[in-house]
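Presented below is the structure to which this report refers.
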Protein chains: 2
Amino acid sequence: MAASIMDVARRAEVSTATVSRALRGLPNVSAATRERVLRAAEELSYSVSPHASSLASGRTGTVGVVVPFVNRWFYSQVLAGIDSVLRAHDLDLLLYNLGDERVHERFFTRMPLRRRVDALIVLNLPLSTAESEALASMEVPIAVLGTRVPGCWHVSIDNAEGASTAVRHLINLGHRRIGMITAAPGDPRGFTTPIVRQHAYRTVLAQAGIAYDPDLEVPGHLSIDEGASAMAQLLSLPEPPTAVFAESDQMAFGALRTLGRMGLTAPDDVSVIGFDDHETAELLDLTTIAQPVAHQGELLARQILDALSGGDEEPTRVVVPTRLVVRGTTGAAREHPPRYHSTPRPGPEPDQHSTTAR
Amino acid sequence: MAASIMDVARRAEVSTATVSRALRGLPNVSAATRERVLRAAEELSYSVSPHASSLASGRTGTVGVVVPFVNRWFYSQVLAGIDSVLRAHDLDLLLYNLGDERVHERFFTRMPLRRRVDALIVLNLPLSTAESEALASMEVPIAVLGTRVPGCWHVSIDNAEGASTAVRHLINLGHRRIGMITAAPGDPRGFTTPIVRQHAYRTVLAQAGIAYDPDLEVPGHLSIDEGASAMAQLLSLPEPPTAVFAESDQMAFGALRTLGRMGLTAPDDVSVIGFDDHETAELLDLTTIAQPVAHQGELLARQILDALSGGDEEPTRVVVPTRLVVRGTTGAAREHPPRYHSTPRPGPEPDQHSTTAR
DNA sequence: GGAGGTAATGCAATCGCTTACATGAAAAGA
DNA sequence: TCTTTTCATGTAAGCGATTGCATTACCTCC
């Protein structure tokens, strides 16, 4: 049986109140007494019961982190950033992974984090009004990544800026026929980021005096496969683009795969630029818009620390800069772009090639 | 102010004991009363205080998950697997990311999860005897991934089997000069997996009557860059290998990058096989040994559920199968392997090419 | 119709802390 | 020297549930 504060009190020959104060480093405890308490606790290898402590004090020492998909590169990086800061301040991290729709719903109807955390960090979730009200009703500080929610702390990148930079980069290379692989209408949940990026794409084209062609905007989910088929669709146009801006690196990877399977290469046949600077982007030599990922997590956690200590400061909003990283998949537009209507070369089809051992 | 059980009791005109029983679905509550309590709770939008509940009952409803690196693909996948199962059983997930050495140490000296969780899941950590004793002293069921710890539940793949399959695959393709990129002595923490894989590599070679050549074993950390330089080192040998088994897909990616930059390709010049079936492996058409990643997480969580409900069953150990996935980077050995002593073609150097926008 | 059983509910102790308030002693000020 | 502060410590009332035990009412069965 683990020792309780009473045991420590008896051993140090003081009251439990004094033990509590001594252990938490509060003032008004004499050096001698504190020393005695610390030794007693040490000898009994005592540690406070977090639940009793929370119950009595009302603080939980825990921050809830709500993530749409832990297993995606982006979110796991942000999570690591959050963790490092919380950890350094002895706050626990209660993870809530909303994967599918049902878990998402359940989360908002049951509010399982209510009374369980001192603060909340929400990553990139599209929140309905009802949902953000539900969160607000928890009456704890909330920091949100991506979407902007009234009354919440907020960290994000400037998506319009980043997307504009990407498209401008292509225009500067002489491209005029520029496609976009977008997640805009593709996602049922209604993340706002894709819409902002899409809007930036259109705006920059317009500013450059390039006519808008809806055929050049192809929607898909944020995955490699969807990026691949979007690229296939673009290449099948009567007049295919000479450059493509993919909403995310993942989609860009898919686009590159399609090019490769059709015997084409970037940037000789088509320039490709992505968004994120995923760890694989460097490997594939993909030009992209980099955003500081783990850093955003750290910032969110710092905001929470401020909110928790500072008292009633106003929530802040911080926008972190993106950066164009020029690698090998973008290049100058050719004078006379080649026609692409070759028959696709079959790529590897894992299912057929796979062998099962043991 | 959130409603307490007293409020509900008053509203439903019963005692708090009855409320407690009704809400938790215990027997010995009449249908009418239960109905009344449920409605009262609903109307007050009451939810139990997890801390009070834990304090009174001794159960926390929380499982601690200790991860070496949340931000690595492998662990984030496992984590997602764990989460999905725990979530389905209304257990909370307290995440503990040991990143660097200092956090690791602190974890074992302070035991911050003691009294805080009903069970523990530990991913792939090398544990000293003192450390595993410290864990055991928490007196909760523990499930461990990878390393085998006495008294703990356990999930792992058969690393010897997987590595053997990889090396045999290369031998079957006619290769005789086979290199290995290993993490064995590279990691200071002493993960055991690399050692097992290395041993399998040596054993299979010996069984095939191939002489052991220490030059063909190149150590490095589990990263793309280290894989890349390991491959460079292999290629600089007087007699370079015709095939390489990389301990992990990440390292294999690095190896492929080196090949590419030197103007070589897999499998024409060198066959490459990895381990893991990382999401990028398919993209790069990498032959590899696949292991079910998220599934291992689910299994761990299931073991914990068993431990928590079943009472005092003996901990089980489950070994999940690996699978050889043949893709495009391995092929038949050439009769007369080419000499590689060409000057490396400079690859992209992001730092020089990078531009900073805004 | 009384003994014995069972189902529904209440009472109150308990879990292990925190903290407002009370107390007493020592230091400071008059 | 006597009052006033200040500092260290103790007392005890919560915090919000859970749960063993007691109680009551209602059946059932001989």
Side-chain angles (χ1 to χ4, degrees), chain A residues 1-38 40-41 44-62 90 92 111-118 138-139, chain B residues 1-38 40-41 44-62 90 92 111-112 114-118 139:
Chain A
M1 206 54 222
S4 86
I5 198 173
M6 277 281 280
D7 303 318
V8 179
R10 265 193 289 270
R11 183 163 194 128
E13 299 179 293
V14 292
S15 71
T16 62
T18 302
V19 173
S20 176
R21 287 188 279 248
L23 256 30
R24 283 179 302 150
L26 296 188
N28 294 341
V29 176
S30 75
T33 309
R34 172 159 297 154
E35 174 61 25
R36 204 144 32 87
V37 170
L38 257 51
L44 297 171
S45 68
Y46 165 78
S47 60
V48 314
S49 156
H51 298 291
S53 174
S54 300
L55 182 57
S57 69
R59 301 172 231 104
T60 66
T62 304
D90 272 322
D92 282 324
M111 287 278 130
L113 260 37
R114 138 172 305 178
R115 292 171 177 241
R116 200 148 177 16
V117 296
D118 288 341
M138 288 179 61
E139 297 177 323
Chain B
M1 206 53 219
S4 86
I5 197 172
M6 277 283 279
D7 303 319
V8 180
R10 265 193 289 271
R11 184 164 194 126
E13 299 180 293
V14 292
S15 69
T16 62
T18 302
V19 173
S20 176
R21 287 187 279 249
L23 256 30
R24 284 179 302 148
L26 296 187
N28 293 340
V29 176
S30 74
T33 307
R34 172 158 298 155
E35 174 60 25
R36 203 143 32 88
V37 170
L38 257 50
L44 296 171
S45 68
Y46 165 79
S47 61
V48 312
S49 156
H51 298 292
S53 172
S54 301
L55 182 57
S57 70
R59 302 172 232 106
T60 67
T62 304
D90 272 322
D92 281 324
M111 285 280 130
R114 138 172 306 176
R115 291 165 172 250
R116 200 147 177 19
V117 296
D118 288 342
E139 297 178 322

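Just so we're on the same page: letters track the sequence lines, and every chain starts at 1. These numbers come from the heavy atoms of this one structure, side chains and all, not from hydrogens, waters or symmetry mates. Note that this is a predicted model, so its numbers are computed, not measured.
Where Thr16(A) and Ser30(A) each meet DNA chain D at their nearest nucleotide, the meeting point lying more 5' is that of Ser30(A). Of the residues near DNA chain C, Thr18(B) and Ser49(A), the one whose nearest nucleotide (by heavy atom distance) lies more toward the 5' end is Thr18(B). Both Arg59(A) and Leu55(A) lie close to DNA chain C; mapped to their nearest nucleotides by heavy-atom distance, the more 5′-ward contact belongs to Leu55(A).
For the OP1/OP2 pair of dA8(C) and a distance below 4.0 Å, the side-chain nitrogens and oxygens of Thr33(B) include no atom meeting the criterion. At the phosphate of dC7(D), neither OP1 nor OP2 sits under 4.0 Å from any side-chain N or O atom of Asn28(A).
Taken from CG in Asp118(B) to OG in Ser54(B), the straight-line distance is 7.5 Å, to the nearest 0.5 Å.
For Ala17(B), whose side chain is taken as the heavy atoms from C-beta onward, the closest listed nucleotide among dA17(D), dT19(C), dC11(C) is dC11(C). With dT18(D), dT18(C), dG16(D) as the choices, the nucleotide that has an atom nearest any side-chain atom of Arg24(B) turns out to be dT18(D). You'll find that the side chain of Ser57(B) is closest to dT18(D), out of dA7(C), dT18(D), dT9(D). Residue Ser15(A) has its side chain nearest to dT11(D) when only dC17(C), dT11(D), dT9(C) are considered. Distances from the side chain of Ser53(A) to the nucleotides dT9(D), dT18(C), dA8(C) place dT18(C) closest.
Across Leu26(A), Val14(A), Thr16(A), a single residue satisfies side-chain contact (heavy atoms from CB on, under 4.5 Å) together with Arg21(A), and that is Leu26(A).
Side-chain contact between Pro112(B) and Arg116(B): absent, with no pair of heavy atoms (C-beta onward) separated by less than 4.5 Å.
The distance between atom CE of Met6(B) and atom P of dT18(D), rounded to the nearest whole Å, is 14 Å. Across the protein-nucleic acid pair, Leu44(B) atom CG and dA17(D) atom P stand 12 Å apart, rounded to whole Å. Taking atom NE2 of His51(A) as the reference point, atom C1' of dT18(C) lies 16 Å away to the nearest angstrom. Atoms CD (Glu35(B)) and C1' (dT9(C)) sit 18 Å apart, rounded to a whole Å. Note: CD1 (Ile5(B)) to P (dT19(D)) measures 11 Å, nearest angstrom. One interatomic measurement links the two molecules: CZ of Arg21(B) to P of dG16(D), which rounds to 21 Å at whole-angstrom precision. In this structure, Leu23(A) places its CG atom 13 Å from C1' of dT18(C), rounding to the nearest Å. Across the protein-nucleic acid pair, Leu26(B) atom CG and dG20(D) atom C1' stand 14 Å apart, rounded to whole Å.
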Practice task
Go through the steps for Val48(B) and Ile5(B) under the test side chain to side chain contact (heavy atoms under 4.5 Å, CB included), then give the verdict.
Solution key: CA-CA 7 Å; Val48(B) 312; Ile5(B) 197 172; over 6 Å; no
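If you check every strand for non-hydrogen atoms under 4.0 Å, Val19(B) touches nothing.
Listed for the Ser57(A) side chain is a donor-acceptor partner under 3.5 Å among the backbone atoms of Ser53(A).
Remark: the Arg115(A) side chain and the dG16(D) base include no donor-acceptor N/O pair separated by less than 3.5 Å.
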